[in-house]
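The structure appears right after this line, and notes come after that.
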Amino acid sequence: MTDRRVVVIVGGGFSGAACAIHLSQRSQEPLDIRIVEPSAALGMGIAHAAVDPDLRLNGPAHIHSPYPDAPGDFADWMARTGEAALDPQATAASGLVFARRGAFGRYMAAEVARHARSNPSGSAIDHVQQQALRASPGAAHVEVGLHGGQRIRADHCILALGWNAVGTPRELSAISDHPGWFGNPWATHRFDAIGSGASVLLIGSGLTASDTFAVLAAKGHQGPVLALSRRGLRPASQNPHRSTRSMWERVFEQDPPLLREAGHALSMRQTVALLRRKIAEVDEATSSWHVPFDEFRDAAWILWNQWSPAEQRQYQRHVKSWYDSFRFRNPPQTEAIARAGVERGQLGFAAGRLRGAHRRGHGLHVSYASRERGECQTLHVDAIINCTGPQPRPSASQNPFWQALIADGVGRDAPGGAGIDVDMGGRLLDAHGRVHDRLFAIGPPTNGRFAEAIAVPYIVRGILDVARHALPHAHSEPTVLQGST
Ligand SMILES: Cc1cc2nc3c(=O)[nH]c(=O)nc-3n(C[C@H](O)[C@H](O)[C@H](O)COP(=O)(O)OP(=O)(O)OC[C@H]3O[C@@H](n4cnc5c(N)ncnc54)[C@H](O)[C@@H]3O)c2cc1C
């Protein structure tokens with residue numbers, strides 16, 4: 001037993017690992033930091049535990065760093081450890097490096113291990129390899145209950161549970177026990193059961209669908225693959241030009257130029273109109289739509305919180321799926337694999353709304369209402385892979401920790417349902433909207449508050465906010481490097 005302040009971080013993916021690193025760097029006193037994570041490795045989580053070589057980061061290496069003042073740290077680590085030499089295809093024609101997700105996971109595991117050995121505050125960082133079941137806040141502490149029955153009394157508890165499992169679309173519930181149904185797109189080893197000539201339906205056409213096609217192609221799949229989504233939108237390409245400002249600079253900006261230029265708070269409609277105008281003004285010979293789009297994307301956390309709940313709902317209904325198709329971009333290597341699939345007639349896309357599915361012989365019969373033709377289409381396929389993305393609501397999650405948090409009234413869904421409700425400092429709000437001062441959340445579950453909390457730079461911004469509130473006497477912020485990317 002020590003008299004150090006105890007900080008429990010629930011979840012040891014990128015967010016939990018990066019949070020432990022920053023707390024240990026910033027605290028002015030030695031802390032007892034415990035990361036509760038059931039997996040054997042820290043720093044990997046769902047995205048970066050990927051083993052398939054074609055699963056790449058969807059942004060360049062220099063935006064994948066836990067350190068805003070050292071964006072090149074991951075790329076330097078790749079060069080130092082020989083990972084870069086093992087993956088010459090990582091460097092795209094633009095010169096930017098799109099590394100394998102697994103490499104980033106190994107880097108984060110190495111970084112958290114390095115900080116556990118030694119860190120500026122002399123804090124302990126320990127991995128408690130268990131699942132957390134409950135957080136019970138009291139006046140002077142938070143008690144965190146573990147699957148093994150133990151309880152940890154913490155001064156602060158930071159929730160870094162990341163993504164929920166991918167939800168099964170209601171229309172497909174009748175086939176969820178069929179061997180041709182692949183409900184978890186990240187369990188790619190299961191795709192070995194799909195015959196190389198099988199016809200495959202992907203539900204969803206975003207980044208997960210692109211990744212899934214790349215994995216199937218690498219396994220030698222030759223059968224037809226159709227990606228079905230409501231609007232049939234596909235992820236955009238990466239920016240062929242360099243941006244004039246770094247993403248880190250934009251993400252940490254409190255007063256972005258485009259909002260200064262508008263001179264007043266922008267409504268949702270004004271925002272969309274201004275974005276359209278800025279894109280129309282782009283000189284395509286030297287730049288592209290990505291540049292103004294990214295200025296908006298990285299100011300989204302400010303804009304989103306200026307909009308009324310009605311405007312936020314309007315955005316979710318009418319704008320979000322288009323925004324997402326520009327926002328989430330394939331790495332060039334994945335895009336090339338998909339393009340080759342389309343060119344040889346193997347990969348196709350359809351827009352429509354799922355109606356239902358049932359077994360037919362050894363295969364599956366799927367019906368959907370076509371968006372273009374409005375009529376019902378039917379497909380007979382051998383396998384269906386769920387590429388719809390994680391189920392966002394804690395109240396509908398299968399994770400026992402979220403279930404207990406909601407049932408106990410300790411937390412509530414964010415308005416709109418994208419994650420857990422927090423204030424601008426990452427502090428949880430209870431069922432009555434009261435702010436907890438010892439319970440925080442970081443990463444994807446805070447997306448409902450910040451509109452952008454999923455990618456690495458936004459997660460790091462959230463971690464630094466939480467560190468500021470949980471450690472009031474923390475060392476100063478890192479310098480965010482400026483310049484082009
Ligand atoms: C397939 C995929 C690809 C992505 N690619 C990129 C990319 O290229 N670039 C980018 O910036 N972002 C990417 N992202 C976004 C991703 O959200 C972040 O990069 C980051 O990995 C999120 O990390 P996390 O730790 O918050 O969540 P997760 O990776 O989901 O980790 C959460 C951890 O919490 C643990 N956990 C859950 N419940 C409990 C519990 N009850 N008790 C204890 N532990 C628990 C889990 O075991 C898990 O390890 C991707 C996301 C996905 C899903």
Side-chain angles (χ1 to χ4, degrees), residues 8-20 34-50 52 55-66 74 98-105 107-109 112 127-135 144-148 152 157-166 184-188 204 206-212 214-215 235 238 247 251 327-331 334 387-390 392 394 397-405 419 441-447 452-460 462-463:
V8 169
I9 301 172
V10 179
F14 170 80
S15 301
C19 184
R34 309 205 198 154
I35 307 178
V36 180
E37 164 61 55
S39 318
L42 293 178
M44 296 189 170
I46 289 183
H48 311 298
D52 302 84
L55 294 180
R56 292 186 180 274
L57 296 172
N58 51 43
H62 62 255
I63 65 163
H64 289 88
S65 167
F74 169 45
F98 292 83
R100 291 176 174 143
R101 293 213 300 266
F104 186 61
Y107 159 73
M108 282 304 299
V112 74
H127 179 184
V128 180
Q129 200 182 340
Q130 287 216 38
Q131 186 184 42
L133 295 184
R134 179 168 250 121
V144 181
L146 307 182
H147 187 251
I152 308 176
C157 176
I158 300 172
L159 309 187
L161 281 78
W163 299 88
N164 281 326
V166 179
N184 178 1
W186 302 313
T188 54
L207 291 180
T208 304
S210 306
D211 279 347
T212 301
V215 171
Q238 297 286 335
M247 181 170 177
V251 166
R327 153 77 181 86
F328 293 105
R329 301 166 196 163
N330 270 324
T334 314
C387 301
T388 52
S397 170
Q398 300 298 311
N399 191 319
F401 187 91
W402 286 134
Q403 288 176 347
L405 199 88
I442 53 175
T446 63
N447 214 44
E452 286 285 359
I454 286 174
V456 160
Y458 311 117
I459 296 175
V460 173
I463 289 171

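Ligands are counted one by one from 1 in listed order, and the atoms in each one are counted from 1 as well. Here, residue 1 is the first one in the sequence, and each next residue gets the next number.
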Here the atoms of ligand 1 under 4.0 Å from any heavy atom belonging to Asn58 are 5 (N), 6 (C), 7 (C), 8 (O), 9 (N)

For Phe401, the ligand 1 atoms with a heavy-atom partner under 4.0 Å come out as 41 (N)

Checklist line | Contact with ligand 1 for His147, non-hydrogen, under 4.0 angstrom | finding: no

Of Pro38, Gly12, Gly13, the one whose closest heavy atom lies nearest atom 45 (C) of ligand 1 is Pro38

One should read off an interatomic distance between Asn58 CG and Asn330 CG, to the nearest 0.5 angstrom, of 8.0 Å

So the atoms of ligand 1 within less than 4.0 Å of a heavy atom of Leu161 turn out to be 32 (C), 34 (O), 37 (C), 38 (N)

With a 4.0 Å cut-off on heavy atoms, is Ile459 touching ligand 1? yes

The atoms of ligand 1 lying under 4.0 Å from a heavy atom of Leu57, numbered in the order shown, are 8 (O)

Any heavy atom of Ile442 under 4.0 Å from ligand 1? The part involved is neither

For Gly11, the ligand 1 atoms with a heavy-atom partner under 4.0 Å come out as 34 (O), 35 (C), 44 (N)

With heavy atoms and a 4.0 Å threshold, my read on which part of Ala160 contacts ligand 1 is backbone

If we number the atoms of ligand 1 from 1 as shown, the ones under 4.0 Å from a heavy atom of Gly45 are 29 (O), 31 (O), 49 (O)

- Task: Look at the rings of His48 and Phe104 and say which category their plane angle falls in: under 30° parallel, 30 to 60° tilted, over 60° perpendicular.
- Result: perpendicular

If you compare Leu405, Ile454, Ile9, Asn164 by their heavy atoms, the one closest to atom 15 (C) of ligand 1 turns out to be Ile454

